[in-house]
Amino acid sequence: MPRFNALIGATGDRRLVEFLAEGHGWTVIERRYLPMIELAAVAERKKELTRMEMGLRRQMGGRF
């Protein structure tokens with residue numbers, strides 16, 4: 001592992017880490033993009049919760 005880490009440090013090639021992550025369904029990104037990805041995930045979750053809320057309101061016949 002230390003040699004692999006040294007290779008990544010020497011080459012700066014993200015594909016080396018991506019090769020390991022890919023088998024787990026993950027990807028490697030630069031940390032600076034993480035807030036944008038988290039914001040997109042929050043927006044998706046908000047839409048999902050809104051759909052759930054509307055479905056429940058319909059079940060209750062519009063009360064509340």
| Check: T27/E22 side-chain N/O donor and acceptor closer than 3.5 Å | no
| Say you draw a straight line from CG of L39 to CD of E44; how long is it, rounded to the nearest 0.5 Å? | 10.5 Å
| query | Are W26 and V17 connected in a single hydrophobic cluster, I mean Ile/Leu/Val/Met/Phe/Trp/Tyr linked by side-chain heavy atoms less than 4.5 Å apart? | reply | no
| Qualifying side-chain hydrogen bond (donor to acceptor under 3.5 Å, both in side chains) pairs with a residue from residues 31-41, counting only residues at least two apart or across chains | E30-R32
| task | Step through the shown structure and confirm whether more than 12 heavy atoms of other residues, nucleotides or ligands are within 6.0 Å of CZ on F4. | result | yes
| task | Give the minimum heavy-atom separation between E18 and V28, together with the two atoms involved. | result | OE1-N, 2.9 Å
| message | Check for me, please, whether I29 and M36 land in the same ILVMFWY cluster - side-chain distances under 4.5 Å, paths through other members count. | response | yes
| task | Is it possible for you to say whether L20 and L16 belong to one hydrophobic cluster, with membership spreading through side-chain heavy-atom contacts below 4.5 Å? | result | yes
| Under the side-chain contact (heavy atoms from CB on, under 4.5 Å) test, which residues partner R45, sequence neighbours left out? | E48, L49
| task | Please assess N5 against M1 for the test side-chain contact (heavy atoms from CB on, under 4.5 Å), listing each intermediate value before the final yes or no. | result | CA-CA 6 Å; N5 191 36; M1 196 63 177; 5.7 Å; no
